[in-house]
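Structure provided below as structure tokens; questions to follow.
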2 protein chains.
Amino acid sequence: MKELAKELSLSVGTVSKALSDSHEISDDTKKKVAETASRLNYTLNPYASSLRNKKSKTIAVVLPEVADNFFSLAINGIQSVAEKKGYHVLIYLSHEKFSNEKSILSECCSGRVDGVLISVSSETTDAQHILKLQQQNVPIVFFDREFEGLHIAKVITNDFECGYASATHLISNGCKNPVFLSISSSLGICNHRASGFKAALKDKKIADPEKAIIECRGTKEEVDWQIKNLLTGKTKPDGIVASVERLAMSVYLVSQQINISIPAELKVIVFSTLETAPILNPPLTTITQPAFEIGKTAAELLFKGIEKKKYNLFDEIITLPSVLIERTSSQPCQFKKK
Amino acid sequence: MKELAKELSLSVGTVSKALSDSHEISDDTKKKVAETASRLNYTLNPYASSLRNKKSKTIAVVLPEVADNFFSLAINGIQSVAEKKGYHVLIYLSHEKFSNEKSILSECCSGRVDGVLISVSSETTDAQHILKLQQQNVPIVFFDREFEGLHIAKVITNDFECGYASATHLISNGCKNPVFLSISSSLGICNHRASGFKAALKDKKIADPEKAIIECRGTKEEVDWQIKNLLTGKTKPDGIVASVERLAMSVYLVSQQINISIPAELKVIVFSTLETAPILNPPLTTITQPAFEIGKTAAELLFKGIEKKKYNLFDEIITLPSVLIERTSSQPCQFKKK
DNA sequence: CCCGATTGCGAAAACGGTTTCGTAAATAAA
DNA sequence: TTTATTTACGAAACCGTTTTCGCAATCGGG
């Protein structure tokens, strides 16, 4: 910028004001400045600006995983509004580890970002790291995976209802012993889905609701093994609701291996935005979240918090409904293939 | 930091040195500084540091789309090394638009990032925006989708060979009229795959290689329509190689709609890392790229360029091989289902 | 024609660190 | 004891912008 000023024999202050279209500067010199700036293809140093303005024009997105259809669609939604606002997006992955999430959030302070969108890891049972960030006046919005009991804005979906709907759907299609595969008993979102599921079992007086919730944690291999055990055990279920994408994939793979036919012997529903659901074998019934919309809405909410200093981001809750898309995997069958 | 200094009755310079573990400072005061720093939970302002050091500790990843298995796995690979190096990752999406890519890269200068990893959009036919960045001494590495003819490092896969292999696989499994679905005639990676494909047709003296390359561009709906026309036309193919994930999904959906049976009437292969490939109907033959590895290797290469000022990033080319995973969708059939 | 208001710009102080250089005290060498 | 060297720290410049404030020059009104 000094060079620019020298080139034009102006002061740096004047150049700065000209570039930011200040009213103090005549249109004439503004034009000259803009012209030589583009001629020397000059762009201003973002960090110097950030330092002075205490605005980074950057938000952080913290999520467990990016190789998951839901999250990648949510990122699309977030990015679409960030781009419109001229903001930059930092992506951080916790890989479902609490320790990672903690160190990530500790990096988000000191003005590195103007706001944080977060979907908590399945291990997160303590919110100190989140509260610490909030105390530093960093606007925060949960999307999808919230942490309950905090005064922090969130954009979520109707998990309880969908859990309820998934169970009633299975039951009305003939299941006597449906189970729910959870990934974490500490994850609010998963518990809501499970609670809805249990409530339906209770209402329909089917099975023991408490025994119908099965927690699947660990690596992919451990989960595969766990599901294999479940499906070959003596009290094997005739219906499964998978709370996330990868659990359903496990169920499909294992069923294929040990020759269990879906939906004749086992009906399956998954909470997922999986694009390949209609072309799976068999086509998979999904409860599809409005992933893009959730990301977009959360980002819009965050920017409300960033822009209006007085805007209270504390107790805002937005619920966007998911839809159950019925496909072959949960269809009733007159005859049971043996 | 001033407060810290006051609290300890030291100068800010001393505190700064203590925090960065300078040899000029005694272990005793270092300890004291560290202690009170964590007590006041102080973290240093990253942008002030960046301003002085001319290092942002941030890299940019520019890619067409994040809701694609290949790219999300590549991001995982990139992130894994960035994290190890203590770097932050900015994600930018071009959505396959050249104009977006251009404005994104123009944001990457002035030291906003220390390096750029890029997979070009399918519209990109001009590299001025990339060269401009390179002139500003920003280290750049292509991953997967390169732009040819530039002196810029790249991490790619053996596209030509795989294109060749895909064609020979189809032919040896009985196809007389295989076609290749491209997404862009300007995309180097796609052309390599297509060239390999054509070379195989020529060697085997099957069909007209030039007519076997079909470009599918436009929205999802337009592509669906185009594929539907192809599959219902009079010279309909009996084998398809899809150059990217979404083309294969289109083929599956359309085939299902108009009742074409795979692999009896149509064999399909796709270049993709689709996790659901084995549980599709039928299981889909893929040419699977080492997506994570590509991302990881590209990032490692980039950091070499960032760290060693003298390291020449110009003509480094790393090729990581993909593998053809044979599944039902391309199997030979004795009888043709009608 | 004179005085107050407006316009257009420069000087300099921030923003929050890092780094160079200087210096006093402590230590080692002579 | 004197001199040279090392150790531990402070003062101040600097990174590239933004912004406040001051100051001329021009403008408008009476």
Side-chain angles (χ1 to χ4, degrees), chain A residues 1-38 40-58 86 88 107-114 136-138, chain B residues 1-38 40-58 86 88 107-114 136-138:
Chain A
M1 183 143 136
K2 271 185 211 159
E3 292 185 28
L4 247 188
K6 202 180 295 173
E7 180 88 7
L8 290 151
S9 43
L10 287 172
S11 75
V12 289
T14 306
V15 173
S16 171
K17 289 177 206 166
L19 288 174
S20 58
D21 200 37
S22 160
H23 65 96
E24 293 185 21
I25 305 298
S26 70
D27 294 343
D28 198 41
T29 54
K30 273 184 200 169
K31 221 172 294 172
K32 277 186 211 158
V33 171
E35 187 259 316
T36 54
S38 78
L40 305 183
N41 58 45
Y42 162 85
T43 52
L44 52 88
N45 183 308
Y47 298 135
S49 304
S50 295
L51 183 55
R52 182 65 223 232
N53 293 333
K54 293 167 170 298
K55 281 281 156 223
S56 64
K57 283 277 187 182
T58 303
H88 301 255
E107 300 256 26
C108 288
C109 47
S110 290
R112 182 184 291 280
V113 297
D114 297 343
Q136 307 199 7
N137 290 316
V138 179
Chain B
M1 183 142 136
K2 273 185 213 160
E3 292 185 27
L4 247 188
K6 202 179 294 173
E7 179 88 7
L8 290 151
S9 41
L10 287 172
S11 76
V12 289
T14 307
V15 173
S16 171
K17 289 176 205 165
L19 288 174
S20 59
D21 199 38
S22 159
H23 65 96
E24 294 185 19
I25 306 299
S26 71
D27 294 343
D28 199 40
T29 55
K30 273 183 199 169
K31 222 173 293 172
K32 278 186 210 157
V33 171
E35 188 259 317
T36 54
S38 79
L40 306 183
N41 57 44
Y42 163 86
T43 52
L44 50 90
N45 183 310
Y47 298 136
S49 306
S50 295
L51 183 55
R52 184 63 225 238
N53 295 334
K54 295 169 171 295
K55 280 281 157 223
S56 64
K57 283 279 187 180
T58 304
H88 301 256
E107 300 256 25
C108 288
C109 48
S110 290
R112 182 183 290 281
V113 297
D114 297 343
Q136 307 200 6
N137 289 316
V138 178

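When reading the values below, keep in mind they use all heavy atoms of this one structure, side chains included, and skip hydrogens, waters and symmetry mates. A quick note: this is a predicted structure, and the numbers were derived from the prediction, not measured. Chain identifiers are assigned alphabetically (A, B, ...) following the order of the sequence lines, protein sequences preceding nucleic acid strands; residue numbering begins at 1 within each chain.
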Smallest separation among heavy atoms of B/V113 and B/C108, with atom names
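Result for this residue pair: CG2-O, 3.4 Å.
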
Side chain to side chain contact (heavy atoms under 4.5 Å, CB included) with A/Y47: which of B/S56, B/S49, B/P46?
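With A/Y47 as partner, side chain to side chain contact (heavy atoms under 4.5 Å, CB included) holds for just one option, B/S56.
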
More than 12 heavy atoms of other residues, nucleotides or ligands under 6.0 Å from CD of A/E3: yes or no?
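Open.
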
Which heavy atom of B/I25 sits nearest to which heavy atom of B/K30, and what is that distance?
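Scanning both residues, the minimum pair turns out to be O-CE, 3.4 Å.
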
Which residue pairs pass the salt bridge (charged side-chain N to carboxylate O under 4.0 Å, His left out) test when at least one of the two sits in residues 11-20 of chain B, sequence neighbours left out?
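For residues 11-20 of chain B: B/K17-B/E24.
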
Residues in side-chain hydrogen bond (donor to acceptor under 3.5 Å, both in side chains) contact with B/S16, at least two apart in sequence or another chain:
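side-chain hydrogen bond (donor to acceptor under 3.5 Å, both in side chains) list for B/S16, sorted by chain: empty.
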
Non-neighbouring partners of A/A5 that pass side chain to side chain contact (heavy atoms under 4.5 Å, CB included), sequence neighbours left out
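In terms of side chain to side chain contact (heavy atoms under 4.5 Å, CB included), with neighbours along the sequence ignored, A/A5 is linked to A/V12, A/V15.
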
Where each residue is assigned the nucleotide of DNA chain C containing its nearest heavy atom, which of B/G13 and B/Y47 is assigned the position nearer the 5′ end?
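Looking at DNA chain C, the more 5' nearest nucleotide goes with B/Y47.
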
side-chain hydrogen bond (donor to acceptor under 3.5 Å, both in side chains) partners for A/R112, two or more places apart
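Partners of A/R112 under the side-chain hydrogen bond (donor to acceptor under 3.5 Å, both in side chains) test: B/H88.
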
Expressed as a whole number of angstroms, how long is the span from A/K2:NZ to C/dA12:C1'?
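The distance from NZ of A/K2 to C1' of C/dA12 comes to 14 Å, rounded to the nearest Å.
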
To the nearest Å, give me how far apart CD (B/E3) and P (C/dC15) are.
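Value for this atom pair: 12 Å.
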
Look at the side chain of B/K57 and the backbone N and O of B/S50, then say whether any donor-acceptor pair between them is shorter than 3.5 Å.
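Pair absent, no side-chain N/O of B/K57 close to backbone of B/S50.
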
Between C/dC15 atom P and A/K55 atom NZ, what is the distance in whole Å?
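One finds 16 Å between P of C/dC15 and NZ of A/K55, rounded.
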
Kindly write out the residues that satisfy side-chain hydrogen bond (donor to acceptor under 3.5 Å, both in side chains) with B/T43, not counting sequence neighbours, or none if the list is empty.
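Result, side-chain hydrogen bond (donor to acceptor under 3.5 Å, both in side chains) vs B/T43: A/S110.
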
Using a heavy-atom distance cut-off of less than 4.0 Å, which residues of residues 15-22 of chain A contact DNA chain D?
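Correct list: A/S16, A/K17.
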
Between the two end axes of the helix from C/dA5-D/dT26 to C/dA30-D/dT1, each built from 5 base pairs, what angle do you get to the nearest 10°?
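Helix axis angle between the two ends: 50°.
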
Tell me every residue that passes side-chain hydrogen bond (donor to acceptor under 3.5 Å, both in side chains) with A/D27, counting only those two or more places apart in sequence or in another chain.
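Checked A/D27 against side-chain hydrogen bond (donor to acceptor under 3.5 Å, both in side chains); zero matches.
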
N or O in side chain of B/Y42 less than 4.0 angstrom from C/dG17 OP1/OP2
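So the side chain of B/Y42 is within the cut-off, an N or O lying under 4.0 Å from OP1 or OP2 of C/dG17.
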
Can you list, in residue-number order, the parts of residues 23-36 of chain B that come under 4.0 Å of DNA chain D, counting heavy atoms only?
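Contacting residues: B/E24, B/I25, B/S26, B/T29.
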
Assuming nearest nucleotide by heavy-atom distance, tell me which of B/L10 and A/L44 is located more 5' along DNA chain D.
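Nearer the 5' end of the strand: B/L10.
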
Is the backbone of B/K6 close enough, under 3.5 Å, to the side chain of B/S9 for a donor and an acceptor to pair up by distance?
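Judged by distance alone, no pair lies under 3.5 Å.
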
A/K32: partners by salt bridge (Lys or Arg N to Asp or Glu O under 4.0 Å), with sequence neighbours left out
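A/K32: salt bridge (Lys or Arg N to Asp or Glu O under 4.0 Å) contacts with A/D28.
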
How would you label the contact of A/S49 with the nucleic acid (heavy atoms, under 4.0 Å): base, sugar-phosphate, or nothing?
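Contact class for A/S49: sugar-phosphate only.
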
Could you tell me from which nucleotide to which nucleotide of DNA chain D, 5' to 3', there is an atom under 4.0 Å from chain B heavy atoms?
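Boundary nucleotides touching chain B, in 5' to 3' order, are D/dA8 to D/dG16.
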
Quick one: on DNA chain D, does A/V12 or B/A48 contact a more 5' nucleotide (nearest heavy atom)?
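Closer to the 5' end of DNA chain D: B/A48.
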
So, using salt bridge (Lys or Arg N to Asp or Glu O under 4.0 Å) as the criterion, who are the partners of A/E7 when residues are at least two apart?
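Listed in chain order: A/R39.
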
A/L51 has a side chain; which of C/dA11, C/dT19, C/dC15 sits nearest to it?
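Nucleotide nearest to A/L51's side chain: C/dC15.
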
